[in-house]
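Each residue takes its place number in the sequence, starting with 1.
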Amino acid sequence: MTNGYDGDHLDFRGGEFTGPFTAKAEYHEHGPAPTALDALPAKAVGFTGRDGELRALLDAFDPSAPERPAAVLVAAVSGLGGIGKTALAVEAAHEACGRGWFTGGVLFMDLHGYDDDPVTADQALEALLRALGTAPEHIPATADERAALYRSTLAKRARERGAVLILADNASSPEQVRSLLPGDTRHRLLVTSRNKLPQLGARLLPLNELTPQEAYALLDHALRIADPSDSRVADGAEAAAELASRCGHLPLALQVAAALLVLDRDKPVAELVAELTEFRDRLTHLDDGERSVRAAFDLSYRRLPPEQARLLRLLSLAPGPDVSTEVVTVLAEADAPPTRALDALTRTHLVERGNGRGRWRLHDLVRAYGVGVVAGDAGFGEEGEAARERVLEFYCRWAYAADDRLRWLPGKAEPERFTDRAQALGWLDGERAGLVAAVQWAGEERYADTAVRLAECLGRYLERRRHFDDWITVGRAVQQAARHAGDHFAEADAWNNLGLALQGAGWVEQAIDAHTRARDLYQNFEDRQGEARAWNNLGNALLDVGRAELDAGRAEEAIAAHTRARDLYQNLWDRFREADAWNNLGVALQGAGWVEEAIDTLTGARDLYQAVGDRYGEGGAWNNLGLALREAGRMTEAIEAYGKALETHRDFEDWYRTGQTLHNLALVHEATRDPAQARTYWLQAADAYTRSNDPAAATRARKAADRSGTTAASTPHSTPFTP
């Protein structure tokens, strides 16, 4: 039998039939396959901010811009889950289409890269070919053939209709999107991902959290969309700013918070802030029934290899806003820095670069997520506690070594870990926030002893760098921990150190109270060394109040306190501390107007410092002796004394005391009517104060330089010692 197909009918001519037969014919009319070239989702309601990022994307896609590298063919927006990548990409796509740049249409594809069953490259190509109007039976079976047809179809589209924008949303790897690259350079591919995708040769645009102003605007806008009269954000700007901070300025968290306020019209913003204050429970509240910050982070966390997941958990427990690679290595109990794991976590935006190279940080909500993961598993909890213990011990070792270098005197044994003071100060500067945060672990019994030891060696550094707020934080944490533990010896030391910090910050009445508490505790358990120290520091605080209030009675109290400290040190045969007491007594005598007695006392203090080999203390005594000599009208001797003090302070790189002595030299030259020399010293003092982290004092010195020769209203600076 033969038959043939001719046009729209069957041709049986020439056929041989041996019996009855039935012929059935079906007719199919093949029209063009439907296309989906206007598939762009609607703009995000209430899209706010991102002006700079939006400009960057539009600049990358502008066909009229000057000739650029081929990398602009692809732009990759990356960032943390919930950071607003899709909203930005869709906003940019709508804007670009509105400008007529993509007359060929827009293809949109959600790759579900972080779901359990992400879209493969083959599946993506099939879907995009369908969207371009390719009939299913014409879609090739192999990936290479599909990619070739996809590029050819796009090229044809460019010739017929113009450029096409392909938006590939939520990609998790370069493999998902590499085959989606168009061959025709008129087209553009825009990819969003939680991972940075440098392998694509794309214009990379990493997204950070919103600015405080943008976050505030998002909250206000979201509430007014639901109810134009809802002014809770505008009426409570301070609470709204705090809410934005609690949300980490993360768009998803802000949108959830706004939804919670919309659902409860009577709820004050401050009430929601209070609910989000507890760090560990924060993510529990950031859930509006449909959207959840924790769920968004879960998608990223569960894709991590075990090593990276462990490191993320441990980083969430680290002290301070960011940590050095050195501390990360200790946390991980690794033999070498876990550089590969850190780099991988950085590519996923779960870890960010910190304040400086070699430092790492977590977004606040990622940190809260990690803390929650650790708290929810007993094994992870013990692993984390051990890691915190390692970090605290590490901090103790190095902070003690740094403090030894800061306190080192010529002729003594050289400290081992730091070669000079600058190196010790550099390490302390880099780790300061972490050190202060770690001391606050003193409230937990497991860490109390080590945290107290750490606090003990931070005082000299925090005083020298003028970080009095941090010093107060450290002092309060230790005092409360000691009191809670019933350790009265440690509590006395804590009150004493807290008093020094309070006095440095200018809270002198509170300092007097703290030193008085310390003195009483020392007396109760007959610690004469501690009692002497408390009397000495109490005397300094009393003298400060007396000067501020022009109260001669306070100055006399200071003299009595320093005399008591001197006598106790003499009985204990502690000649180093006795020299401090003599020095402070001389300052108090001068403050009370007993200038000749002050000169004799300070001369004795200087000689005692020389005898015991304390050159640092000797420099302070020279400065104070210069003050007394100036008061006595012995200007030449005062200048000589200040010169000795200046040399010593500079040798010890104590820039604050250097500034004080230069300040005093300027005043002497003002008094001797040498304004040019006075101005030189004022400017030098300003530089020294700047180096010592006291910008306010530096500003005052510069102003004094500007008016040099017209007034000498400034007060000279003494140098008390706080053993």
| task | Would you check, one step at a time, whether the test side chain to side chain contact (heavy atoms under 4.5 Å, CB included) holds for Thr672 with His669? | result | CA-CA 5 Å; Thr672 57; His669 286 86; 4.3 Å; yes
| task | Could you tell me whether the side chain of Tyr642 reaches within less than 4.5 Å of the side chain of Arg630, counting heavy atoms only? | result | yes
| field | Taking every non-hydrogen atom, the tightest pair across Leu625 and Ile599 | value | CD1-O, 3.8 Å
| field | Residues Arg405, Glu414; criterion salt bridge (Lys or Arg N to Asp or Glu O under 4.0 Å); working and verdict | value | CA-CA 8 Å; Arg405 172 52 74 179; Glu414 284 270 0; 2.7 Å; yes
| said: Under the salt bridge (charged side-chain N to carboxylate O under 4.0 Å, His left out) definition, can you give me all pairs with a residue in residues 676-691, not counting sequence neighbours? | reply: Arg679-Asp706
| said: Can you confirm whether Arg483 is buried at CZ, in the sense that more than 12 heavy atoms of other residues, nucleotides or ligands lie under 6.0 Å from that atom? | reply: no
| Expected output: side-chain Glu640 to main-chain Thr636 donor-acceptor under 3.5 Å | no
| said: Between Asp544 and Arg554 (salt bridge meaning N to carboxylate O under 4.0 Å), is one present in this structure? | reply: no
| query | Under 6.0 Å between the ring centres of Tyr609 and Trp582? | reply | no
| task | Check the pair Trp682, Glu670 against side chain to side chain contact (heavy atoms under 4.5 Å, CB included), reporting the backbone distance first and the verdict last. | result | CA-CA 10 Å; Trp682 282 127; Glu670 293 276 11; 3.1 Å; yes
| message | As a quick check of understanding, evaluate salt bridge (Lys or Arg N to Asp or Glu O under 4.0 Å) for Arg390 and Glu393, giving each step before the final call. | response | CA-CA 5 Å; Arg390 288 193 298 273; Glu393 289 288 352; over 6 Å; no
| task | Could you walk me through whether Arg517 and Glu491 pass the salt bridge (Lys or Arg N to Asp or Glu O under 4.0 Å) test, one step at a time? | result | CA-CA 9 Å; Arg517 289 172 181 266; Glu491 187 180 359; over 6 Å; no
| query | Which of these, Glu531, His515, His562, sits in a side-chain hydrogen bond (donor to acceptor under 3.5 Å, both in side chains) with Asn536? | reply | His562
| Donor-acceptor contact present, side-chain Trp408 to main-chain Arg421, <3.5 Å | no
| If every non-hydrogen atom of Ala399 is compared with every non-hydrogen atom of Leu454, which pair is closest and at what distance? | CB-CD1, 3.7 Å
| message | What's the separation between atom CD in Glu352 and atom CG in Leu345, rounded to the nearest 0.5 Å? | response | 11.5 Å
| Judged by modelled atom types alone, do Tyr522 and Asp493 share a side-chain donor-acceptor pair under 3.5 Å? | yes
| Hey, what do you get for CG (Asn623) to CG (Leu665), rounding to the nearest 0.5 Å? | 8.5 Å
| query | Is there a side-chain hydrogen bond (donor to acceptor under 3.5 Å, both in side chains) between Asp654 and Tyr616 once you walk through the steps? | reply | CA-CA 10 Å; Asp654 188 333; Tyr616 184 71; 2.4 Å; yes
| According to the interplanar angle, ranging from 0 to 90°, do the rings of Tyr461 and His467 count as parallel (below 30°), tilted (30 to 60°) or perpendicular (above 60°)? | tilted
| query | Within a reach of under 6.0 Å around CG of Asp607, are more than 12 heavy atoms found that belong to other residues, nucleotides or ligands? | reply | yes
| query | Is the His488 to Phe525 ring centre distance short of 6.0 Å? | reply | no
| message | Under the rule for ring-ring contact (aromatic ring centres under 6.0 Å, His included), what residues qualify as partners of Tyr447, not counting sequence neighbours? | response | Trp441
| query | Are the side chain of Arg700 and the backbone of Pro695 linked by a donor-acceptor contact shorter than 3.5 Å? | reply | no
| said: Are Leu428 and Leu406 packed together at the side-chain level, in the sense that at least one heavy-atom pair is separated by less than 4.5 angstrom? | reply: yes
| field | NZ/NE/NH1/NH2 to OD/OE distance under 4.0 Å, Arg407 and Asp403 | value | yes
| request: Look at the side chain of Arg367 and the backbone N and O of Ala318, then say whether any donor-acceptor pair between them is shorter than 3.5 Å. | output: yes
| query | With a 4.5 Å heavy-atom cut-off, do Arg465 and Asp429 have their side chains touching? | reply | yes
| request: Could you check Asn540 against Gln503 for side-chain hydrogen bond (donor to acceptor under 3.5 Å, both in side chains), going step by step and ending with a plain yes or no? | output: CA-CA 9 Å; Asn540 290 335; Gln503 186 178 351; 5.5 Å; no
| Verdict with reasoning, Arg702 to Tyr689, per side chain to side chain contact (heavy atoms under 4.5 Å, CB included) | CA-CA 10 Å; Arg702 291 190 188 95; Tyr689 284 135; over 6 Å; no
| request: Check Gly659 against Ala685 and note the closest heavy-atom contact, atom names and distance. | output: O-CB, 3.7 Å
| query | Hey, is CG on Asp343 packed in by over 12 heavy atoms from elsewhere, all under 6.0 Å? | reply | yes
| remark: Taken to the nearest 0.5 Å, the spacing of Leu435 CG from Cys396 SG works out to 9.5 Å
| request: Indicate yes or no: does Arg566 engage Glu578 in a salt bridge with an N to O separation below 4.0 Å. | output: no
| Which is it for Glu431 and Tyr395 under the side chain to side chain contact (heavy atoms under 4.5 Å, CB included) test, yes or no, and what are the steps along the way? | CA-CA 9 Å; Glu431 299 295 343; Tyr395 270 157; 2.9 Å; yes
| remark: From the list Arg432, Arg361, Arg359, salt bridge (Lys or Arg N to Asp or Glu O under 4.0 Å) partner of Asp322 resolves to Arg359
| Taking C-beta and beyond as the side chain, do Trp655 and His649 meet within less than 4.5 Å on heavy atoms? | no
| Pairwise side-chain contact, Val587 with Leu543, heavy-atom cut-off 4.5 Å (strictly under) | yes
| field | Within 6.0 Å of CD in Glu307, more than 12 heavy atoms from elsewhere | value | no
| request: Give a yes or no on whether Trp507 atom CH2 has more than 12 heavy-atom contacts from other residues, nucleotides or ligands under 6.0 Å away. | output: no
| Got more than 12 heavy atoms from elsewhere within 6.0 Å of CG, Asp651? | yes
| query | Looking only at side chains, do Glu618 and Trp622 share a donor and an acceptor under 3.5 Å apart? | reply | yes
| task | Output yes when Arg464 and Glu653 qualify as a salt bridge under the 4.0 Å nitrogen-oxygen rule, no when they do not. | result | no
| query | Are Leu362 and Leu350 close enough that some pair of their side-chain heavy atoms sits under 4.5 Å apart? | reply | no
| task | Run the numbers on Tyr656 and Asn693 for side-chain hydrogen bond (donor to acceptor under 3.5 Å, both in side chains), then give the verdict. | result | CA-CA 8 Å; Tyr656 185 75; Asn693 194 35; over 6 Å; no
| request: Write down the atom of Ala481, the atom of Ala442, and the distance for their closest heavy-atom approach. | output: CB-O, 3.3 Å
| Hey, does Thr680 have a side-chain heavy atom less than 4.5 Å from the side chain of Gln677? | yes
| field | Heavy-atom closest contact (Ala558 atom, Gly539 atom, distance) | value | CB-O, 3.3 Å
| field | Steps toward side-chain hydrogen bond (donor to acceptor under 3.5 Å, both in side chains) verdict (Gln529, Asp574) | value | CA-CA 9 Å; Gln529 185 80 28; Asp574 186 342; 2.8 Å; yes
| Taking every non-hydrogen atom, the tightest pair across Gly619 and Ala645 | O-CB, 3.3 Å
